[in-house]
Number of protein chains: 2
Amino acid sequence: MDLKERQPELPESNLSLAERLFLTLRGEIVEGRIPAGSKVSEPELARRFNASRGSLREALMRLESLGLLERRVNVGARVVDLTERGLLELYDVREALEGMACRLAALERTDEDLKALRKMLARHEQQEELQAGRAYFQPEGDFDFHFRIVQASGNDLLIDTLCNRLYYRVRMYRYQLGMASPRAKRAFNEHSHIIEAIEAGDGELAEILMRRHIRASRQNIEKKLR
Amino acid sequence: MDLKERQPELPESNLSLAERLFLTLRGEIVEGRIPAGSKVSEPELARRFNASRGSLREALMRLESLGLLERRVNVGARVVDLTERGLLELYDVREALEGMACRLAALERTDEDLKALRKMLARHEQQEELQAGRAYFQPEGDFDFHFRIVQASGNDLLIDTLCNRLYYRVRMYRYQLGMASPRAKRAFNEHSHIIEAIEAGDGELAEILMRRHIRASRQNIEKKLR
DNA sequence: GATCATTAGATTGTCGACAATCCTGACGTT
DNA sequence: AACGTCAGGATTGTCGACAATCTAATGATC
């Protein structure tokens with residue numbers, strides 16, 4: 001146990017303590033500072049953050065509903081472990097949901113959505129040229145892309161399911177299995193075509209392209225795993 | 001406030017009190033005994049069930065993560081209200097997820113899955129003949145159908161998202177907007193073709209048929225709503 | 001030596017109380 | 001009459017303590 005950093009800094013207030021604990025722990029789990037598969041002790045964390053067990057339990061329960069923790073009665077909580085199967089399952093669900101999001105985005109997008117998407121694409125192109133093949137900043141860029149399209153779908157349930165639930169698991173896999181895709185150039189082209197379809201208002205095409213994009217990414221991972 | 005039924009019966013133990021409260025309240029919200037859009041008071045419910053506020057809060061938080069409750073800090077919890085928009089959003093998400101589930105079920109189904117699906121279909125046909133057009137028991141039958149196909153997909157994330165999250169909202173709309181579909185005969189035929197595609201191992205067709213099935217149901221609702 | 005019961009320690013579940021915040025309605029001012 | 005201010009009451013957030021349960025190590029029995 002670390003002595004000089006006795007009371008870790010939490011995001012400053014205006015939010016409830018339980019929520020700040022939730023945000024902090026979510027970050028630590030996603031980035032692997034709390035290792036996947038490890039047991040999580042309520043009293044230990046409570047002491048570490050100088051909080052009561054009640055507030056901490058609330059944070060843990062939110063993490064459970066995010067699918068980052070598994071709790072069993074009278075036993076406690078464990079961080080989920082990262083399995084090949086879980087990663088592939090995640091891709092299938094994303095293919096379905098983001099495909100639909102992309103279809104809806106093509107039909108419902110506002111002019112501001114379009115402007116933002118074009119701007120983002122230009123920024124990514126610029127970065128991509130600068131780094132010539134090195135997929136360095138790409139993961140975050142890729143995240144931007146998917147995130148914004150989902151937002152443009154206008155379907156609140158879809159947005160919540162993807163952005164507030166699944167994406168944290170995606171991030172967890174990316175951080176800890178460290179998969180900076182070497183598909184930078186190709187991914188950029190795919191992104192570009194998807195945005196074209198959205199601009200054209202062609203929902204059907206937009207969905208097909210997005211699903212292919214995600215499936216290609218999945219196959220890339222599958223190849224790497226064997 | 002009701003006096004003769006002072007302490008409502010909860011599902012008998014072996015589960016934690018918080019979990020029993022959660023299950024009970026979930027039922028009351030889904031069936032509308034706690035009206036959609038109404039405020040939920042922690043002390044009031046705690047008195048009603050002779051439980052502490054802590055246990056009750058845990059139940060409320062689980063309901064929030066199910067999307068049946070909305071909580072705001074320092075204000076409290078409200079039951080979500082049922083809107084036309086929310087219902088349509090639900091259909092779009094289901095179309096995406098159940099389409100994928102159906103595709104996976106066609107590829108991953110075991111022999112036991114197939115046997116169970118055929119058995120279920122036969123039972124529904126029998127009921128349907130008995131009631132000749134009256135879509136009486138249909139809603140539950142329809143639920144069976146979708147539920148079992150999702151289970152057969154073998155994708156735990158998909159199963160959890162649909163069966164432990166979205167379906168309670170679906171039930172809530174069904175109960176409270178009371179939509180016994182008059183599509184009984186047609187729905188049965190669609191179910192039948194979907195199962196055929198799953199038996200044939202044709203994932204692509206199975207997905208297309210399931211998506212059409214759900215979209216047809218959505219359009220039926222849309223027509224009814226105007 | 002292996003298996004099973006037992007006990008000690010720790011962890012989780014549950015509770016009631018106190019502090020901080022919000023909503024309601026009354027009061028006073030413009 | 002409309003608006004802003006300010007208690008009073010109630011509700012939510014947070015806390016520490018006790019009871020129920022599980023885990024692990026010890027010792028007893030076959």
Legend entry - Closest to side chain of B:N74, choosing from C:dG13, D:dG13, D:dT14: D:dG13

Inset, instruction - Examine D:dG13: is either OP1 or OP2 under 4.0 Å from a nitrogen or oxygen in the side chain of B:R57? Give yes or no. - result: yes

Inset, instruction - Name the residue closer to the 5' end of DNA chain D, choosing between A:E19 and A:V73 according to the nucleotide with the nearest heavy atom. - result: A:E19

Legend entry - Check ion pair B:D160-A:R165 (N to O, under 4.0 angstrom): yes

Legend entry - Spacing of B:E58 atom CD relative to D:dT12 atom C1', expressed in whole Å: 17 Å

Inset, instruction - Is it possible for you to check whether A:R215 lies under 6.0 Å from the centre of the six-membered ring of A:Y91, through NZ or CZ, and within 45° of that ring's axis? - result: no

Inset, instruction - Find the distance B:M61:CE to D:dT12:P and express it as a whole number of Å. - result: 14 Å

Inset, instruction - Specify the separation, in whole Å, of atom CG of A:L56 and atom C1' of D:dT14. - result: 12 Å

Legend entry - N or O in side chain of A:R78 less than 4.0 angstrom from C:dT11 OP1/OP2: no

Legend entry - Pairwise 5' ranking along DNA chain D for B:A77 and A:A51, keeping only the more 5' one: B:A77

Legend entry - Residue-phosphate contact under 4.0 Å: B:S52 side-chain N/O, C:dC15 OP1/OP2: yes

Inset, instruction - Taking only the side-chain heavy atoms of B:P43 (C-beta and beyond), determine which of D:dT11, D:dT14, C:dT21 contains the nearest atom. - result: D:dT11

Inset, instruction - Look at the rings of A:F145 and A:H213 and say which category their plane angle falls in: under 30° parallel, 30 to 60° tilted, over 60° perpendicular. - result: perpendicular

Legend entry - D:dA10 phosphate, OP1 or OP2, under 4.0 Å from B:S41 side-chain N/O: no

Inset, instruction - Verify the contact: side-chain N or O of B:R53 to OP1 or OP2 of C:dC18, cut-off strictly under 4.0 Å; return yes or no. - result: no

Inset, instruction - Take the protein atom CZ of B:R47 and the nucleotide atom P of D:dT11, then report the distance between them rounded to whole Å. - result: 7 Å

Legend entry - Nearest to side-chain heavy atoms of A:K39, which nucleotide of C:dC15, C:dT12, D:dC15: C:dT12

Inset, instruction - Consider the side chain of A:S16, meaning its heavy atoms from C-beta on, and name the nucleotide among C:dG13, D:dT14, C:dC22 that approaches it most closely. - result: D:dT14

Inset, instruction - Identify which nucleotide among D:dT14, C:dC15, C:dC23 has an atom closest to any side-chain atom of A:L17, counting heavy atoms from C-beta outward. - result: D:dT14

